[in-house]
Amino acid sequence: MRLTVIFLAFIATFALLSAADCSSLIAKYDAPDPAKKTMAQISRWIERKVSDNPGDAKELEACLIAGAADNPNKEQVAGK
C-alpha cells in the first residue's frame, strides 16, 4: 500500500515537471499553437527553428505533436 502511494506521488510529480518543461520550451522558442498545425507542419517548424539543440527539439516536438490538430491520439471533446 505504501509503495503504491509513493509510486503514484512520483508519477504525479513527474507529470507536473513534464508539463512545466513543455510550457517553458514553448515559451522559449515561441512555438506555434499546436491545435492549429498538423503533425507534419510541426515537424518542419522544429527542423527550421530548433535544429541547434537536439534535446530540446525532440522534447518540444513531442509536446507539440501531442496537441496537433491531426493527431489521432488527441483527446476530442464533443461539440468542439
Side-chain angles (χ1 to χ4, degrees):
M1 178 72 176
R2 246 179 122 177
L3 183 60
T4 304
V5 171
I6 292 171
F7 180 70
L8 291 175
F10 175 75
I11 289 176
T13 303
F14 181 73
L16 288 174
L17 291 174
S18 294
D21 288 344
C22 284
S23 299
S24 64
L25 285 173
I26 289 170
K28 178 179 178 181
Y29 291 103
D30 194 26
D33 181 10
K36 296 181 181 183
K37 301 290 181 188
T38 65
M39 292 188 296
Q41 288 172 324
I42 289 171
S43 294
R44 286 192 303 269
W45 185 87
I46 293 288
E47 288 174 12
R48 284 193 329 263
K49 301 290 185 173
V50 196
S51 60
D52 61 331
N53 191 339
D56 281 358
K58 193 172 209 173
E59 190 169 340
L60 181 58
E61 185 173 22
C63 292
L64 294 177
I65 284 182
D70 65 340
N71 187 340
N73 297 325
K74 183 178 166 189
E75 182 179 326
Q76 298 294 318
V77 179
K80 189 172 181 181

Which pair of non-hydrogen atoms, one from [X] and one from [Y], has the smallest distance, and what is that distance?
X: W45; Y: A31; result: CH2-CA, 3.5 Å
X: I65; Y: S43; result: CD1-OG, 4.0 Å
X: D70; Y: M39; result: OD1-N, 2.8 Å

Output all residues satisfying side chain to side chain contact (heavy atoms under 4.5 Å, CB included) with D33, sequence neighbours left out; order by chain, then residue number. A35, K36

Those residues at least two apart in sequence (or on a different chain) that pass side chain to side chain contact (heavy atoms under 4.5 Å, CB included) with Q41 are K37, T38, R44

Going from [atom1] on [X] to [atom2] on [Y], what distance comes out if it is rounded to the nearest 0.5 angstrom?
X: I46; Y: K58; atom1: CD1; atom2: NZ; result: 12.5 Å
X: S24; Y: E59; atom1: OG; atom2: CD; result: 7.5 Å
X: E61; Y: I42; atom1: CD; atom2: CD1; result: 8.0 Å

Y29 side chain reached by L64 side chain, heavy atoms, under 4.5 Å: no

Got K28 and D56 here, is their nearest side-chain heavy-atom distance under 4.5 Å?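 SC-SC contact between K28 and D56 confirmed.
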
